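A quick write-up on the structure given underneath.
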Amino acid sequence: MHTLTDLMSTAPFYIAHRGSGDNWTEHTAGAYSQAIQSGAKAIEVSVSATSDGVLVCHHDSNTERMTGRNLQIGEVTYEELGVLRNDSRAWIGPQTPREPIPLLKDVLDAHAATGVIFIEDKQGGNTKALLDLMDSYPDSKEHFVWKQTAGGKHYAEAKARGYKTWGYFVDNLGNRFADFADRFDYLGIYHGATDNEIKALVAYGKPVICWEIHTRWMRDRVTALGVTGLMSSNFPYVSGNAAMSQRDDFSSGVRAAGDLPWILVPTYQPTLQSEFSSVSLNNEASSTYTLGSMGPVTRDTYSLAFDMRWPMAVPDRSGTAGIAFGQADDQPYRPTAKATVGGYHLTLDAAGTMRLFSREVGALEGELLGETHSDAPKVGAWMRFRVDVTPRTITFTRLDGAVASGIANNSSHRGGYFGLNKNYQGKQPVEFRQVEVS
């Protein structure tokens with residue numbers, strides 16, 4: 001059993017944001033349960049009431065984003081809502097199950113006695129009903145935290161009942177910390193806030209919880225600034241430091257914890273193709289897909305191997321694809337944009353030329369370390385590559401057809417994170433499979 005006292009004694013402490021919505025369909029019974037099973041001591045729950053007064057778990061007041069049906073929760077009965085299914089397939093993968101909108105009471109019955117629940121009335125009109133329900137559970141003050149925007153109402157009613165409160169600052173408050181910080185036991189700030197804004201909130205001397213934390217780099221940045229609480233959308237990954245796998249899991253049709261696109265919205269999520277055991281980088285923009293699930297690689301000497309193909313058309317010679325590696329953290333590494341983290345990237349072009357580049361933070365153009373020529377890629381044909389890293393050298397090899405290989409003597413970057421790259425604009429997808437570390 002986990003209590004609020006236990007949670008707050010840990011630094012940093014974690015809360016599964018929406019039930020860890022990078023991993024499971026947000027605000028569903030399955031997400032809450034699986035987050036807790038994976039070790040989360042606390043979950044975050046959003047609440048709205050139907051037209052017949054039934055409290056349900058859902059982030060938005062409208063169901064369209066998650067279900068495809070345009071309904072206002074407050075204008076329909078629970079019976080009408082009960083036929084809908086939350087759908088996260090575009091974000092988490094095509095094999096992600098569609099799940100119903102859960103009853104709040106069912107969620108609290110399952111978890112209120114054993115964990116901590118940060119609970120928010122999204123409609124703002126259910127304060128008494130929600131507090132009465134919270135009061136009905138044993139030792140409720142050790143298992144519930146009242147959550148709301150810092151400028152919102154009703155925090156005083158929750159405090160009057162003996163609950164700890166968390167007030168989070170959103171854009172429309174203009175970071176008016178001095179106006180609202182005294183109201184709450186805990187303070188909240190978005191991960192996109194500047195360093196100075198986060199430090200200013202931490203200076204109030206109360207525990208600061210930052211949301212929504214998707215990556216280990218985000219975690220490390222905000223904790224270094226004094227944040228002690230992490231409301232994480234990617235809890236199984238962010239709460240650890242080790243690689244979770246040595247090979248990809250594309251065949252499952254569900255994104256592995258830690259794997260993320262460079263922009264954290266479904267539009268930019270590559271397509272997991274279970275029928276081919278592959279992933280397709282098919283967004284029109286140049287893009288990167290960080291394979292955090294397989295990082296960091298901690299050995300001094302290791303190999304990265306992968307298959308790649310262009311299934312529909314090979315881009316013109318200026319369009320390349322390949323792998324980035326050697327990064328010290330899991331920030332996206334996109335060769336067509338200024339580097340936010342240093343590392344290497346290996347590219348293949350339409351002529352079959354492989355090139356290895358090194359980049360420092362802030363650089364757009366990479367330093368060419370080596371190149372070699374191989375067979376020109378053919379539409380639909382899989383190609384096999386391997387990168388061998390030692391403390392002083394990098395060897396890059398194409399293994400299908402006539403073997404071609406190059407070597408570079410360079411030790412600038414020996415971080416353990418890596419990802420897949422599509423380095424051109426256009427809708428010609430590039431696919432990867434059988435990515436493995438050895």
Side-chain angles (χ1 to χ4, degrees), residues 2-19 27 32 40-49 55 57 59 104 107-108 111-112 115-191 193 197-198 200-213 222 226-232:
H2 303 295
T3 66
L4 182 57
T5 299
D6 297 335
L7 183 72
M8 301 305 294
S9 67
T10 307
F13 60 88
Y14 292 89
I15 305 140
H17 183 250
R18 306 186 190 181
H27 287 308
Y32 301 139
K41 296 179 180 180
I43 57 175
E44 181 238 2
V45 175
S46 295
V47 180
S48 287
L55 296 174
C57 304
H59 180 270
L104 175 63
V107 172
L108 301 193
H111 305 300
V116 179
I117 301 175
F118 283 66
I119 194 163
E120 180 175 13
D121 175 13
K122 282 294 185 179
Q123 293 167 323
N126 305 303
T127 303
K128 184 179 184 303
L130 187 51
L131 288 170
D132 287 348
L133 180 59
M134 291 159 60
D135 284 347
S136 70
Y137 290 89
D139 202 16
S140 60
K141 311 310 181 289
E142 278 288 335
H143 293 283
F144 292 108
V145 174
W146 183 264
K147 171 181 177 278
Q148 65 170 73
T149 62
K153 303 176 181 179
H154 309 301
Y155 68 94
E157 295 164 70
K159 289 177 80 75
R161 302 247 194 149
Y163 291 102
K164 298 292 187 182
T165 59
W166 178 48
Y168 62 94
F169 288 86
V170 289
D171 291 343
N172 64 351
L173 295 178
N175 290 331
R176 291 159 52 197
F177 301 153
D179 293 339
F180 304 115
D182 287 346
R183 294 179 172 184
F184 300 97
D185 301 287
Y186 316 127
L187 304 175
I189 196 163
Y190 185 60
H191 73 80
E197 288 168 340
I198 294 173
L201 194 60
V202 168
Y204 281 87
K206 297 181 178 183
V208 173
I209 300 168
C210 189
W211 91 96
E212 49 199 60
I213 303 299
V222 300
V227 167
T228 53
L230 303 167
M231 188 165 279
S232 177

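For the numbers below, each heavy atom of this structure counts, side chains included, while hydrogens, waters and symmetry mates do not. Keep in mind it's a predicted model, so treat the numbers as computed, not measured.
The side-chain heavy atoms of Phe118 and Val45, taken from C-beta on, include no pair separated by under 4.5 Å. Side-chain contact between Glu44 and Trp166 is absent, with no heavy atoms from C-beta onward closer than 4.5 Å. Here the side chains of Lys41 and Val116 are not in contact, with every heavy-atom distance at 4.5 Å or above. Side-chain contact between Glu197 and Val202 is absent, with no heavy atoms from C-beta onward closer than 4.5 Å. For the pair Tyr32/Ile117, no side-chain contact is recorded, criterion being any heavy-atom separation below 4.5 Å from C-beta on.
The structure places OG1 of Thr127 at 5.0 Å from CD of Glu157, a figure rounded to the nearest 0.5 Å. Considering CG of Leu201 and CG of Leu187, their distance stands at 4.5 Å, rounded to 0.5 Å. Separating the OG1 atom in Thr5 from the NZ atom in Lys164 is a distance of 8.5 Å, to the nearest 0.5 Å. If you take NE2 on His154 and NZ on Lys159, they are separated by 15.5 Å, rounding to the nearest 0.5 Å. In this structure, CG in Leu133 is found 5.0 Å from CG in Leu108, a value given to the nearest 0.5 Å. Interatomic distance, CD1 of Ile198 versus NE2 of His191, reported as 10.0 Å (0.5 Å rounding).
Residue Ala158 comes nearest to Trp146 through the heavy atom pair CB-CG, 3.4 Å, listed as atom of the first residue, atom of the second, then distance. The two atoms that bring Phe169 and Arg176 nearest to each other are CE2-O, 3.6 Å, heavy atoms only. Between Met134 and Ser140 the shortest heavy-atom distance is O-CB, 3.1 Å. Across all non-hydrogen atoms, the minimal contact from Ser48 to Lys122 is OG-CB, 3.9 Å. Contact detail for Leu104 and Cys57: the closest heavy-atom pair is CA-SG, 3.7 Å.
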* Evaluate the criterion side-chain contact (heavy atoms from CB on, under 4.5 Å) for residue pair Tyr186 and Val208; output intermediate values, then yes/no. => CA-CA 6 Å; Tyr186 316 127; Val208 173; over 6 Å; no
* Go through the steps to decide whether Glu212 and Leu230 satisfy the test side-chain contact (heavy atoms from CB on, under 4.5 Å), and finish with yes or no. => CA-CA 8 Å; Glu212 49 199 60; Leu230 303 167; over 6 Å; no
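In summary, the side chains of Tyr155 and Asp185 do not present any donor paired with an acceptor at a separation below 3.5 Å, with no hydrogens or angles considered. Judged by distance alone, the side chains of Asp6 and Thr3 do bring a donor and an acceptor atom under 3.5 Å apart. Of the N and O atoms on the side chains of Thr165 and Gln148, not one donor lies less than 3.5 Å from an acceptor on the other residue.
For Asp132 and Arg161, the salt-bridge test passes: some basic side-chain N is under 4.0 Å from an acidic carboxylate O.
His2 meets the side chain to side chain donor-acceptor pair (under 3.5 Å) test with no other residue; sequence neighbours excluded.
In terms of modelled atom types and a separation under 3.5 Å, the side chain of His143 and the main chain of Ala112 share a donor-acceptor contact. Glu142 places a side-chain N or O within donor-acceptor distance of the main-chain N or O of Leu4, the cut-off being under 3.5 Å. A donor-acceptor contact shorter than 3.5 Å is absent between the side chain of Lys153 and the backbone of Gly124. Between the side chain of Lys206 and the main chain of Ala181, a donor-acceptor pair closer than 3.5 Å is present. Remark: the backbone N or O of Asn126 is paired with a side-chain donor or acceptor of Asp121 at under 3.5 angstrom. Side chain of Trp211 to main chain of Tyr190: no donor-acceptor pair is present (N/O by atom type, distance under 3.5 Å, no hydrogens or angles).
Classification of the Tyr204-Phe177 ring pair by plane angle, with boundaries at 30° and 60°, yields perpendicular.
Across Ile213, Ile209, Ile43, a single residue satisfies side-chain contact (heavy atoms from CB on, under 4.5 Å) together with Met231, and that is Ile209.
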